[in-house]
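Reviewing the structure listed below.
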Amino acid sequence: MANQDRSYHPSDVERKWQRAWDERGTNRFTRERLRSSPDPFYNLMMFPYPSAEGLHVGNIYAFTGADVHGRYQRLRGKDVFEPIGFDAFGIHSENFALKVGVHPMDLIPRNVANFTRQLRRIGGMFDWDHTVDTTDPAYYRWTQWIFLQLFKAGLAERKEAPVNWCPSCMTVLANEQVIAGACERCDTPVEQRRIAQWFFTITRYAQRLLDNLERIDWSESTTKAQRNWIGRSEGAELAFPLVPRDEGHDPVDPLRVGPRDEAHTIRVFTTRPDTVFGATFMVLAPEHPAVDLLVSDDQREAVDAYRRQAAATDLVSRQKTDKTKTGVFTGGYCRNPATGAAIPVWIADYVLMDYGTGAIMAVPGHDERDFEFATEFGLPIPRVVAAEGDDAETPLTGAYTGPGRLVNSGRFDGMEKDEAVRAVTAWLAERGLGDLRVNFRLHDWCISRQRYWGPPIPIIHCDACGAVPVPESELPVVLPRVEDFKPDDSGVSPLARVEEWYEVPCPECGAQARRETDVSDTFLDSGWYFLRYPSTDFDDRPFDTEVTRSWLPVDTYIGGNEHAVLHLMYSRFLTMVLHDLGHLEFEEPFARFRAHGLIIRNGAKMSKSRGNVIVPDPIIEEFGADAFRLYLMFLGPFEEGGDYRDEGIEGPRGFLYRLFDTALGAEDRAPDPDVERKLHQTIGQVTGQLADLQYNTAIAALMECLNTVRAGGRTAARGEVEPLVVMAAPFAPHLAEELWEALGHEGSLFDAAPWPAFDPEKARESTVEVAVQVNGKLRATVRLPRDAPAPDAEAAARAQENVRRHLDGATVRKVVHVPNRLLNFVVG
RNA sequence: GCCGGGGUGGCGGAAUUGGCAGACGCAGGCGACUCAAAAUCGCCCGGGAGUGAUCCCUUGCGGGUUCGAGUCCCGCCCUCGGCACCA
């Protein structure tokens, strides 16, 4: 064949086809095609943060896996839209820019250019006409628009919240920047401060975010993480009325305990209302507003000191579980609504203001933390639940949290938990002192950042009108170029130093007003980017209705499990809100989500400090993008990750060379029936495996098949190798194009080649190898015609010398026959 | 502590979901080609016993269910991720 003098030079082949794809617009969509796609498939991957270091191997792994999926769908006839973009705002970029002393507005375009070059080099099927850069005003204009929609819907609230504060750097720190209670940069102990910030009230959507998880096809580990994060718990809210100072502390008849006004009642959330008879004290978060009412004169000093200290502790170490319990008695009492006893009220930092009601009833006998606290401060620890074999008097050596019957609980004695929860709550509810309630762990989403590198929050503060939204027609509120963007001692964003920027007239009354100087969280940028991609042709709307209708929700989303919670939760939330406000027809953005695994190297995690980070560029230079892609997909199950070994690439690389030789040397003749059978078995396997992202085994099957095609140094028939070229195309797109052309075809393989059709008839073996066991131990194998009846199989098996020996002298009690697989003689 | 992955040859990893453990590949060994090396091709490659046919052992550990267990059940150990005083 004329082609035989060609030899395979990966980098030449790859450059040739990357140029061809570019020139022909193979992967690019026009606005028209986006609006009228016959069979749309939206293949999405998590967009990268464009770091100065360039793409790392984890990015390439994720993008390759997603690209393989997209290319596979395209070969199956789908119209695949595969966009990529850049998540370029945020503290990462800002800190890096500060470190190297380059303005992020100069730094980011450089990084984006480098990423673009690398992304093209690995041969992704990206539509470069529909990219997104979150720092582009044409993009964040719509991020601000989304903020305004939430604001107008009453889902954006401004409230005070604690932040980590470094008194030396004079700046707000994210939790990740607090290392062992100290600032990561200067080691100064971190304090907490309360400042006014913007929140999205995602908690209103908690139940829906939970319920919808049933209806979407996501990785199990991801939905589990979401469920845990939402943290629904069922229980009751119980009311403990304050004991007036002049009333005395003697117990009263519980039926005389009635509701008091809201200010003189402490509400608690508990998942164990059945144990209320064992509540011997209460604990409030130090910030709880009722503390002022409760505190007695002789305890005031101690309480104030404790509250000051709690306020000074940073948020991270405040929440350490391993430290011993601390707390202070307020001097005040509440009535236990079940027993009528006056119980002391304490404050302690193990009770968190932002969960439940910020107050708990302490049941030391049946809660580990309360037990620890009661032991520390010598408070009584009665038993109200008895396990099997225990009774009301059995002493407690620790908190008992297991199942059991109520004891020391009056008329409820003997009840099991579920019944007791209902009965006790109903009894308290009659007196207005309790009700069943659901509580969520999920918190409202704080989107304010006292930083520079983000989209300004589009609000103007006016003394007369309050927080006024910037009119939509005036968007974007452009982030000004500020040369000195270092956070300073003002405690607010560096933008608060730019008077000519923040001083504006109020849009409502025209009076002198002031822009919001905080910027928004990066997660807001990334919470909607998938809506923007197909609509980047439209600069007058965030997303076009028609385009969105045909492309969304996303068909497959692939990304890292590090975003299992925040990014995916926020995206779901924003989509739900936009749905409720009438902007979208669906409420779940990602129909299918798959989390990819992590790549480690030589058994160890990659890190800069270890110096074992894989730098992709030289590897691609040496072996080619196709070999690198193929190897990454081969080294382990995509959803689990794998161990990168430098020598490992040799196998996949050799496969590509052999495929090249075999395809170019192929002859025009009828396929050999045995080879054809193997081929069809492979088609069946690979087709299923690619659909399920089982890339490593799909590649193994392709290798095995090519080995069969080449067995004994034979020359392939064209029909034996051409389907292999098509099936390898998702992994090695450049080589596949080259071979497709060499095999005499016109145009791109991805447009023209049909995915090989699986013919079960051709895949079927006429004979099968059946294992023969005696008492479950393998003694022989026999080759039999497919679907041979049991008696034939048994006869053939008994004819085997080794089988006969093992059956000799024994009675066969039973014969287990699994057709086409196995025959087991059970002897006694 | 809780939640979620994992533990299989020298190594990365397969195993139709209860049916021949170790596919595919790396590394290694032997051989062919070569003046030589590289590349390429062929064969071998879990451990033990045996000249051999063959036999025994082996999927983190200990039990169990089953004709049959890497796979299912019970109890442990180790490891990697995530969450972590959430009442």
Side-chain angles (χ1 to χ4, degrees), chain A residues 219-225 227-229 231-233 235 268-272 275 283 318-323 325 348-352 354-363 367-370 372-373 439-443 561-562 564-565 595 597-598 600 602-603 605 631 634-637 639-655 657-658 661 684-685 688 694 696-707 710 712-713 769-781 801-802 805 813-818 820-828:
Chain A
S219 294
E220 184 68 11
S221 58
T222 312
T223 49
K224 282 260 166 63
R227 240 175 231 120
N228 292 343
W229 191 260
R232 182 183 202 271
S233 46
V268 302
F269 173 74
T270 175
T271 53
R272 296 295 304 273
T275 62
V283 187
R318 161 88 186 259
Q319 302 200 357
K320 277 259 174 3
T321 55
D322 49 359
K323 63 174 189 186
K325 296 277 180 288
D349 65 2
Y350 82 93
V351 174
L352 310 173
D354 57 6
Y355 182 77
T357 61
I360 61 160
M361 64 174 199
V363 185
D367 180 280
E368 276 157 31
R369 298 151 300 180
D370 299 344
E372 212 185 296
F373 190 83
N439 206 39
F440 295 96
R441 214 195 76 128
L442 184 70
H443 286 70
N561 237 344
E562 70 272 20
V565 183
L598 294 171
I600 56 170
N602 301 322
K605 200 167 151 181
Y631 177 45
F634 180 62
L635 55 68
E639 294 180 62
E640 284 165 39
D643 192 358
Y644 187 98
R645 299 197 167 245
D646 298 358
E647 328 78 63
I649 196 170
E650 292 297 344
R653 186 178 77 124
F655 169 78
Y657 275 89
R658 286 192 293 278
D661 286 344
Q685 268 183 51
Q694 291 164 12
N696 58 330
T697 49
I699 293 166
L702 292 173
M703 288 174 166
E704 215 179 314
C705 188
L706 185 64
N707 290 345
R710 294 166 54 88
E769 187 144 292
V770 173
V772 184
Q773 299 180 337
V774 178
N775 278 351
K777 285 200 190 296
L778 183 71
R779 295 303 175 193
T781 60
E801 165 64 26
N802 203 33
R805 243 164 22 106
R813 290 218 285 232
K814 186 173 164 191
V815 180
V816 180
H817 180 230
V818 182
N820 301 324
R821 301 225 130 242
L822 160 144
L823 198 66
N824 187 13
F825 293 96
V826 185
V827 301

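In this text the structure is predicted, and so the values were computed from the model without any measurement. Letters A, B, ... are given to chains in the order of the sequence lines, protein chains preceding strands, and every chain is numbered from 1. Side-chain atoms are counted along with the backbone in the values below, which use heavy atoms only and exclude waters and symmetry mates.
Phosphate contact (OP1/OP2 of B/C2, side-chain N/O of A/Arg441, threshold under 4.0 Å): absent. Of the side-chain N and O atoms in A/Arg779, one or more sit less than 4.0 angstrom from OP1 or OP2 of B/C55. Contact annotation: A/Asn228 does not reach the phosphate of B/A84 (side-chain N/O to OP1 or OP2, under 4.0 Å). Contact annotation: A/Ser221 does not reach the phosphate of B/G82 (side-chain N/O to OP1 or OP2, under 4.0 Å). Of the side-chain N and O atoms in A/Lys777, one or more sit less than 4.0 angstrom from OP1 or OP2 of B/C57.
Straight-line distance from the CH2 atom of A/Trp229 to the C1' atom of B/G82: 10 Å, rounded to whole Å. Summarising the geometry, the separation between CZ on A/Phe655 and P on B/C26 is reported as 12 Å, rounded to the nearest angstrom. Atom OH of A/Tyr657 and atom C1' of B/A39 are 10 Å apart (whole Å). Atom-to-atom, CD of A/Glu769 to C1' of B/G19 comes out at 14 Å; the value is rounded to the nearest Å. The CD-P distance, from A/Gln685 to B/U17, rounds to 13 Å in whole Å. Computed from coordinates, the A/Leu442 CG to B/A84 P distance equals 13 Å when rounded to whole Å. Atom C1' of nucleotide B/A23 and atom CG of A/Leu702 are separated by 14 Å, given to the nearest angstrom. Atom C1' of nucleotide B/G4 and atom NZ of A/Lys224 are separated by 7 Å, given to the nearest angstrom.
Note on A/Glu220: nothing from the nucleic acid sits closer than 4.0 angstrom, heavy atoms only. If you check every strand for non-hydrogen atoms under 4.0 Å, A/Ser233 touches sugar and phosphate atoms only. In this structure, A/Arg227 reaches neither bases nor backbone, as no heavy-atom distance under 4.0 Å exists between it and the strands shown. Here A/Asn707 lies in heavy-atom contact (under 4.0 Å) with sugar-phosphate atoms only. A/Arg653 comes within 4.0 angstrom of nothing in the nucleic acid, heavy atoms only. At a threshold of 4.0 angstrom between heavy atoms, the contacts of A/Gln773 include nucleobase atoms, whether or not backbone atoms are also involved. Among the atoms of the strands shown, none is found under 4.0 Å from any heavy atom of A/Arg232. At a threshold of 4.0 angstrom between heavy atoms, the contacts of A/Leu822 include nucleobase atoms, whether or not backbone atoms are also involved. Counting any heavy atom pair closer than 4.0 Å across all strands shown, A/Gly231 reaches no nucleic acid atom.
B/U8 and B/G22 have their C1' atoms separated by 8 Å, given to the nearest Å. Using atom C1' as the reference point in both B/C35 and B/C45, the two lie 32 Å apart (nearest Å). For B/G75 and B/C24, the C1' atoms lie 36 Å apart once the distance is rounded to whole Å. Rounded to the nearest Å, the gap between the P atom of B/G48 and that of B/G64 is 30 Å. When the C1' atom is used for both B/U66 and B/C72, the distance is 10 Å, rounded to whole Å. Only the P atoms considered, B/A84 is 25 Å distant from B/C77, to the nearest whole Å. Nucleotides B/G9 and B/U59, compared at atom C1', are 10 Å apart to the nearest Å. Here, B/G18 and B/A27 have their C1' atoms 34 Å apart, quoted to the whole Å.
A cation-pi geometry, defined here as NZ or CZ lying under 6.0 Å from the six-membered ring centre and within 45° of its normal, does not hold between A/Lys325 and A/Phe373.
Smallest separation of non-hydrogen atoms from A/Ala771 and A/Thr781: CA-CG2, 4.2 Å. The minimum heavy-atom distance between A/Phe269 and A/Thr357, with the atom names listed, is N-OG1, 3.8 Å.
Candidate nucleotides B/C20, B/G12, B/C26 were compared by shortest atom distance to the side chain of A/Glu650, and B/C26 ranks first. Comparing B/C26, B/C24, B/C41 by their nearest atom to the side chain of A/Glu647 picks out B/C26. Of the candidate nucleotides B/A87, B/C67, B/C55, B/C67 has the atom nearest to the side chain of A/Val826. Set against B/C24, B/G13, B/C55, the side chain of A/Asn802 has B/C55 as its closest nucleotide. The side chain of A/Asn696 has B/G13 as its nearest neighbour among B/G13, B/A27, B/A87. Closest to the A/Arg645 side chain, of the nucleotides B/C11, B/C20, B/G25, is B/C11. Side-chain proximity of A/Asp643 to B/C20, B/G12, B/C41: nearest is B/G12. Nearest nucleotide to the side chain of A/Val816, out of B/C20, B/A15, B/C67: B/C67. With B/A27, B/C41, B/C24 as the choices, the nucleotide that has an atom nearest any side-chain atom of A/Phe634 turns out to be B/C24. Across B/C55, B/A14, B/A87, the shortest atom-to-atom separation from the side chain of A/Ile360 is found for B/A87.
A/Arg227 CZ: more than 12 foreign heavy atoms inside a 6.0 Å radius. Taking a 6.0 Å sphere around CD of A/Glu368, one finds it holds 12 or fewer heavy atoms contributed by other residues, nucleotides or ligands.
Shown here, B/U65 forms no base pair; nothing in the strands shown gives a Watson-Crick or G-U wobble contact with both key distances under 3.5 Å. Across the strands present, B/C41 finds its partner in B/G31; the criterion is a Watson-Crick or G-U wobble pair with both atom distances under 3.5 angstrom. Under the Watson-Crick or G-U wobble criterion, with both distances below 3.5 Å, B/G1 is paired with B/C83. Pair assignment for B/G10: B/C26, on the basis of Watson-Crick or G-U wobble contacts that are both within less than 3.5 Å.
When atom types are taken as modelled, the side chain of A/Asn824 and the backbone of A/Gly776 share a donor-acceptor pair closer than 3.5 angstrom. Listed for the A/Asn602 side chain is no donor-acceptor partner under 3.5 Å among the backbone atoms of A/Arg645. Distance alone, capped at 3.5 Å, is enough to place a donor-acceptor pair between the A/Asn775 side chain and the A/Val827 backbone.
Comparing A/Arg272 and A/Met703 by the nucleotide of RNA chain B whose heavy atom lies nearest to each, the residue mapping closer to the 5' end is A/Met703. If you find the closest nucleotide of RNA chain B to A/Glu368 and to A/Tyr631, the one lying nearer the 5' end belongs to A/Glu368.
In this structure B/U17 sits in the syn conformation; its chi angle is within 90° of 0. Base orientation of B/G9: syn (glycosidic angle within 90° of 0).
In this structure, OH in A/Tyr644 is found 5.0 Å from CD1 in A/Ile649, a value given to the nearest 0.5 Å. Going from atom CZ of A/Arg653 over to atom OH of A/Tyr631 covers 13.0 Å, rounded to the nearest 0.5 Å.
Side-chain atoms of A/Lys325 and base atoms of B/C85 include a donor and an acceptor less than 3.5 Å apart.
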